[in-house]
Amino acid sequence: MSDHATALMRTPLYEFHIAQGAKMVPFAGYEMPVQYPMGVMKEHLHTRAGAGLFDVSHMGQVMLSSPEGFEALALALECIVPVDVLGLAPGRQRYGIFTDETGGILDDLMISNTGDGLFLVVNAACKVEDIAHLNATLPDHVTVTEITDRALLALQGPMAEAALARLVPQVTELKFMDSVRITIDHVEWWISRSGYTGEDGFEISIPAALATDVAEKLVAMEEVEPIGLGARDSLRLEAGLCLYGHDIDTTTSPVEGNIAWAIQKVRRSGGAREGGFPGADRILSELHNGAERKRVGLLPQGRAPMREGTPLFATAESDDQIGEITSGGFGPSAQCPVAMGYLPTELATNGTEIFAELRGKRLPVTVAPMPFHATSYKR
Amino acid sequence: MAADIKFTEEHEWLRVEDDLIVVGITEHAAEQLGDVVFIELPEEGTTVSKDDEVVVIESVKAASDILAPLDGEIVEVNDPLTEDPGKVGEDPMGDAWFFKMKIEDLSALDDFMSEAEYKDFIS
């Protein structure tokens with residue numbers, strides 16, 4: 001992703017990362033912390049045991065609003081997102097995807113009903129294209145505003161609630177996927193009870209000028225440590241969550257990507273607002289008939305981690321590749337290698353043994369349910 | 001040990017022991033790798049050429065290859081290390097050696113860096 005001809009951007013927390021001893025790397029055009037002195041393994045385990053603070057300010061924050069009201073706004077977004085936006089209650093958030101005409105996925109995102117509009121959080125690597133797509137496809141009455149003056153933090157883990165409640169007591173009342181605006185001392189905190197680690201936790205949008213102060217207050221707490229992108233990746237992998245550009249992209253449909261759960265009944269065949277999004281023909285057909293391949297969890301039987309791009313075969317001898325690993329590595333909480341990848345649907349059942357080719361050797365891999373580590377969302 | 005230990009630009013250390021050379025990775029390399037979770041060692045008796053990939057070492061985040069520093073034969077590998085790969089982070093210059101190899105001529109080691117030269121190299 002990094003383009004060396006272009007200067008890397010920095011988030012409002014850049015100086016904080018340096019002060020915390022982070023190792024910075026280029027990621028999606030930004031200089032981001034890949035790890036802190038604690039290291040990826042301990043950062044991962046700390047997030048599952050205490051609370052981890054992540055800087056996700058590189059992600060795109062976008063507000064959609066319309067003078068025509070919420071219904072018109074929601075229906076407009078439903079034309080490019082195959083989820084039930086209209087049914088999203090004020091103060092609630094849900095996962096969504098932008099689809100293209102071929103039924104592929106342009107990006108995945110979070111959508112919140114803020115009461116006066118829709119707040120979207122999109123992937124850093126896709127945000128420029130996503131905003132162009134929103135501007136090009138939404139009707140004229142919708143205003144698309146990229147929020148560039150707010151930082152986005154994630155506080156994740158079983159102690160995240162106790163830690164954040166010291167700054168924002170109201171967060172104890174939030175449930176998984178609530179998304180609210182809370183004003184304290186004239187500062188608006190946009191907080192959702194969500195994240196991308198499989199743990200209970202929060203995503204926190206705050207004015208950029210306050211980001212360092214809030215981050216410093218949080219890491220000063222006994223249970224909070226700063227966590228880099230390395231552990232963010234191993235945490236989301238163990239949680240079975242897709243990484244856009246790796247596990248899903250324009251060549252994978254939502255049914256193939258095993259995220260059909262994101263498409264509510266009302267948008268499916270027979271629903272009140274069936275179809276009406278890019279690629280609906282293919283996606284509705286696959287929802288009914290199944291797809292030819294599917295993203296599954298994979299557990300390598302040995303100790304060798306299997307990374308993205310590792311080819312998969314039906315047997316130890318067969319010549320024809322049947323799929324490949326799209327994300328994989330060592331799971332610090334699972335304490336074994338974990339992976340996900342695509343397989344023909346007939347082989348995509350838990351317990352099926354297939355083979356991966358690693359450094360010229362065929363090694364057995366078992367199709368396994370995800371997540372690899374139990375989630376702890378507060379529903 | 002400072003005198004008979006040599007360093008490669010690939011961040012390996014080479015130490016002469018009973019006419020064999022013992023090979024491992026430096027503290028600096030171990031620090032860069034982070035928590036090591038998997039190690040695959042070559043088979044004893046393998047003949048290798050300089051720059052052959054002989055050891056696979058994986059941290060949580062990434063895989064790296066360790067290259068043979070010279071032509072020779074792998075005569076012994078540190079098997080217990082594959083059961084406890086985290087040791088690479090704890091004692092890279094000692095217990096966490098990878099393999100011992102036999103080379104034609106020990107004077108080939110003279111081409112590698114001394115400890116002082118390696119310190120300059122990484123700074």
Side-chain angles (χ1 to χ4, degrees), chain A residues 21-25 27 32-48 227-238 243 246 300-310 325 327-339 356 358-361 363 372-373, chain B residues 10-11 23 25-49 51-68 74 77-93 95-96 98-99 122-123:
Chain A
K23 182 176 168 194
M24 305 298 283
V25 297
F27 181 82
M32 297 300 291
V34 66
Q35 64 170 81
Y36 296 87
M38 200 179 213
V40 178
M41 178 95 87
K42 289 199 181 83
E43 288 173 29
H44 175 117
L45 295 172
H46 180 86
T47 304
R48 297 244 187 269
I227 310 295
L229 292 177
R232 182 170 168 80
D233 192 50
S234 56
L235 287 158
R236 71 90 202 163
L237 172 61
E238 280 186 345
L243 180 60
H246 300 261
Q301 291 176 16
R303 298 299 295 172
M306 296 180 183
R307 311 274 175 185
E308 180 177 2
T310 304
I325 287 176
S327 278
F330 183 82
S333 303
Q335 294 190 301
C336 62
V338 293
L358 201 62
R359 297 180 282 272
K361 279 185 224 150
L363 301 172
F372 299 111
H373 181 83
Chain B
E10 313 296 328
H11 306 284
V23 180
I25 59 165
T26 65
E27 259 170 35
H28 173 76
E31 241 167 64
Q32 296 295 314
L33 273 173
D35 312 288
V36 174
V37 295
F38 174 78
I39 291 177
E40 190 174 270
L41 296 170
E43 280 179 35
E44 291 176 359
T46 314
T47 303
V48 296
S49 303
D51 295 340
D52 281 358
E53 294 165 6
V54 283
V55 176
V56 176
I57 180 163
E58 302 227 17
S59 66
V60 182
K61 192 64 191 151
S64 327
D65 295 314
I66 305 297
L67 309 180
I74 306 288
V77 300
N78 187 2
D79 260 330
L81 195 58
T82 60
E83 297 299 318
D84 187 12
K87 201 158 233 162
V88 174
E90 293 155 22
D91 193 12
M93 307 287 291
D95 271 0
F98 292 156
F99 57 86
I122 58 173
S123 64

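Chain A is the first sequence line, chain B the second, and so forth, proteins listed ahead of strands; every chain is numbered from 1.
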Problem - B/S59 portion near chain A, given a 4.5 angstrom heavy-atom threshold - result: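 For B/S59, the contact with chain A is made by the backbone alone.
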Given side chains that start at C-beta, do those of [X] and [Y] come closer than 4.5 Å, heavy atoms only?
X	Y	answer
A/S327	A/E308	no
B/E40	A/K361	yes
B/L67	B/E53	yes
A/L363	A/M306	yes
B/I57	B/F98	yes

Problem - Leading residue by heavy atom contact count with chain B [cutoff under 4.5 Å; candidates A/A231, A/A304, A/G302, A/P332] - result: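 Going by pairs under 4.5 Å, I would pick A/A304.
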Practice task
Heavy atoms only, distances under 4.5 angstrom: which of A/P305, A/G230, A/G39 has the most pairs with chain B? Name it, please.
Solution key: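 Among A/P305, A/G230, A/G39, the one with the most close pairs to chain B is A/P305.
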Problem - Residue pair B/D51, B/E10: steps toward the side-chain contact (heavy atoms from CB on, under 4.5 Å) verdict - result: CA-CA 10 Å; B/D51 295 340; B/E10 313 296 328; 5.5 Å; no
Exercise for the section: Spell out the residues in residues 41-48 of chain B that have some non-hydrogen atom less than 4.5 Å away from a non-hydrogen atom of chain A, in order of number; otherwise answer 'none'. Expected result: none
Handout entry: residues 25-34 of chain B: residues contacting chain A (heavy atom under 4.5 Å, by number)
Key =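 Hits under 4.5 Å: B/Q32.
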Practice task
Below 4.5 Å from any heavy atom of chain B, which atoms of A/R303 appear? Answer side chain, backbone, both or neither.
Solution key: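 Interface part for A/R303: both.
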Practice task
Identify whether the distance between the nearest side-chain nitrogen and carboxylate oxygen of A/E238 and A/R48 falls below 4.0 Å.
Solution key: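 Salt bridge flag = yes for A/R48 with A/E238.
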Problem - Lys/Arg N to Asp/Glu carboxylate O, A/R359 vs B/E58, below 4.0 Å - result: yes
Practice task
State, to 0.1 Å, how close A/E43 and A/Y36 come at their nearest heavy-atom pair, and which atoms those are.
Solution key: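 Shortest heavy-atom separation between A/E43 and A/Y36 comes out as OE2-N, 2.7 Å.
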Exercise for the section: Keeping the roles fixed (side chain from B/N78, backbone from B/D95), state whether a donor-acceptor pair exists under 3.5 Å. Expected result: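 Side chain of B/N78 to backbone of B/D95, a donor-acceptor pair under 3.5 Å: yes, one is there.
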Practice task
Could you check A/V34 against A/F27 for side-chain contact (heavy atoms from CB on, under 4.5 Å), going step by step and ending with a plain yes or no?
Solution key: CA-CA 9 Å; A/V34 66; A/F27 181 82; over 6 Å; no
